[in-house]
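Start at 1 with the first residue, then count along the sequence. Because the structure is predicted, anything quoted here is derived from the model rather than measured.
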Amino acid sequence: MEIRGVDKCRFVDITTSNDFYLFEVGRYKCEPHYNYGPIVRTRTIFHYVISGVGYLYMNDKKYEIHTGQGFLIPAKVKAYYEADSNDPWEYTWIHVDGPRVTELFNSAGISLEQPIFTPNGDASEIVEYINRIYDNYDNECYCYAMVYQMFSCISKLSSTKTEATEVDPRLAYVKNAIRYIRLKYSEPINVEDIANACGLNRSYLTRVFKHATGYTPQSYLATYRMKKASEMLLKSNESVNTIAFNVGYSDSFTFSKAFKRYSNLSPSEYRSNHT
């Protein structure tokens, strides 16, 4: 007898990469008319349809999605989806977010305006990559490798990928800004410095950076500094004051306030709780 309504889910919560963060993977074989939402998620989610048919309602549009296709629901966007009554879908999904997620999907021609992934070949290897993450969720490097493989598959096979998305010159500005931040985060730089280094107006940099990554340059810089500070707190015996200077803050008080906004813990509490 065919089994429906089976939910297979793994909470991963890997956030050390500077490209993307991985939170959850899963698989679900839906009952007829099974639906989810309307809901606004804080993280981006991508579904790949293993079999059957379903419907996505997002951005005031309805999309019919079949076996072998996928669909993207960006973070902070209201969406609703429902399984077909006669041939309900089975899908696998991945919750992924972070600085390069929007860019990686956009480079494959997948976005809020065009959320459907329609491959020009067999993309079922996506299921295998997500299954491997599920089975090896405690192996951080392996999980990241599988996410890169998934993005490579999506980019290679997407039928909506266009030359325009591949050569968008604005992405070069964003990559230069990110490269500058990663090189200079330990210095007291600000958004004006980043814009000057890229030869851009500050407001224009902010606009293209937010479009490509979902972050403003200021929030990306702050998040990158906090990620580096988190690593230093766990992997070194340096004082909080020294770590503050090492990630570009001129005093430990300002750094500690920023770190608490980031992690809901003071630097000392974070170090104590995680060791």
Side-chain angles (χ1 to χ4, degrees), residues 1-17 19-58 63 65-85 87-102 104-105 108 110 112 115-117 119 123-154 214 263-264 274:
M1 183 173 65
E2 186 177 17
I3 299 174
R4 296 189 187 277
V6 177
D7 196 355
K8 177 181 177 182
C9 180
R10 180 84 75 188
F11 299 102
V12 185
D13 198 20
I14 298 176
T15 59
T16 57
S17 170
D19 287 339
F20 48 74
Y21 317 136
L22 177 60
F23 297 101
E24 180 184 313
V25 293
R27 182 169 176 161
Y28 196 73
K29 189 172 184 64
C30 298
E31 301 273 4
H33 287 301
Y34 170 83
N35 58 79
Y36 197 86
I39 189 172
V40 177
R41 291 184 170 87
T42 58
R43 299 164 183 154
T44 297
I45 183 169
F46 177 77
H47 293 73
Y48 178 79
V49 180
I50 299 167
S51 64
V53 181
Y55 308 92
L56 170 68
Y57 299 82
M58 188 173 71
Y63 304 90
I65 306 161
H66 299 263
T67 302
Q69 292 182 299
F71 61 97
L72 176 73
I73 302 177
K76 302 176 183 177
V77 173
K78 185 167 72 172
Y80 169 87
Y81 49 96
E82 180 179 0
D84 185 68
S85 57
D87 186 16
W89 54 13
E90 178 181 4
Y91 50 68
T92 188
W93 76 85
I94 181 168
H95 272 277
V96 63
D97 210 348
R100 292 197 63 207
V101 165
T102 301
L104 289 166
F105 278 117
I110 304 169
L112 174 61
I116 309 306
F117 167 61
S124 59
E125 62 193 273
I126 291 172
V127 180
E128 182 61 26
Y129 297 141
I130 293 177
N131 285 343
R132 290 178 183 177
I133 293 171
Y134 184 94
D135 293 334
N136 298 275
Y137 70 98
D138 55 349
N139 186 333
E140 180 178 301
C141 291
Y142 185 85
C143 288
Y144 276 134
M146 291 302 101
V147 178
Y148 278 116
Q149 291 275 47
M150 182 195 77
F151 276 121
S152 176
C153 174
I154 290 171
S263 68
N264 293 321
H274 288 78

List the atom of P115, the atom of L112, and the distance in Å for their closest heavy-atom pair. CD-O, 3.7 Å

Mind checking whether Y55 and W89 have side chains closer than 4.5 Å, heavy atoms only? no

Can you list the steps and then say if V127 with Y48 is a side chain to side chain contact (heavy atoms under 4.5 Å, CB included)? CA-CA 7 Å; V127 180; Y48 178 79; 3.5 Å; yes

Distance from M146 atom CE to L22 atom CG, nearest 0.5 Å? 12.0 Å

Closest approach of G214 to T102 (non-hydrogen atoms, all atoms of both residues): N-OG1, 4.4 Å

Applying salt bridge (charged side-chain N to carboxylate O under 4.0 Å, His left out) to E90 and not counting sequence neighbours gives R27, K29

Side chain to side chain, M58 and Y81, heavy atoms closer than 4.5 Å: no

Suppose we screen for ring pair (Phe, Tyr, Trp, His ring centres under 6.0 Å). Which residues come up paired with Y129, at least two apart in sequence or across chains? none

Applying side chain to side chain donor-acceptor pair (under 3.5 Å), name anything that partners Y142, two or more places apart in sequence or on another chain. none

So, taking the atom named CG in L104 and the one named CD1 in I110, what distance separates them when rounded to the nearest 0.5 Å? 10.5 Å

Where do F105 and I154 land on the side chain to side chain contact (heavy atoms under 4.5 Å, CB included) test, with the steps shown first? CA-CA 8 Å; F105 278 117; I154 290 171; 4.2 Å; yes

Which heavy atom of L56 sits nearest a heavy atom of A79, and at what distance? CD1-CB, 4.3 Å

Could I get the full list of ring pair (Phe, Tyr, Trp, His ring centres under 6.0 Å) partners for Y80, not counting sequence neighbours? Y57

For H47, which of Y91, Y63, Y36 qualifies under ring pair (Phe, Tyr, Trp, His ring centres under 6.0 Å)? Y91

d(H95 NE2, I45 CD1) to nearest 0.5 Å is 3.5 Å

Which residue pairs pass the salt bridge (Lys or Arg N to Asp or Glu O under 4.0 Å) test with at least one member in residues 135-148, sequence neighbours excluded? none

Decide side chain to side chain contact (heavy atoms under 4.5 Å, CB included) for F11 and Y137; before the verdict, give the C-alpha distance in whole Å, the side-chain angles of both, and the deciding distance to 0.1 Å. CA-CA 8 Å; F11 299 102; Y137 70 98; over 6 Å; no

Between R43 (side chain) and D97 (backbone), is there a donor-acceptor pair under 3.5 Å? no

Give, for atom SG of C143 and atom CD1 of I130, the distance between the pair rounded to the nearest 0.5 Å. 11.5 Å

Any side-chain heavy-atom pair of Q69 and I116 under 4.5 Å: yes

May I ask you to test the Q149-R132 pair for a side-chain heavy-atom distance under 4.5 Å? no

Report yes if the side chains of V25 and T92 come closer than 4.5 Å at any heavy-atom pair, otherwise no. no

In terms of relative ring orientation, are Y34 and Y28 parallel, tilted or perpendicular, with 30° and 60° separating the classes? tilted

In Å, rounded to the nearest 0.5 Å, how long is the span from CZ of F46 to CZ of F71? 9.0 Å

For E125, the salt bridge (charged side-chain N to carboxylate O under 4.0 Å, His left out) test, sequence neighbours excluded, returns none

Tell me, do E31 and P88 make a side-chain contact under 4.5 Å, heavy atoms counted? no

Could you tell me whether the side chain of T67 reaches within less than 4.5 Å of the side chain of D87, counting heavy atoms only? no

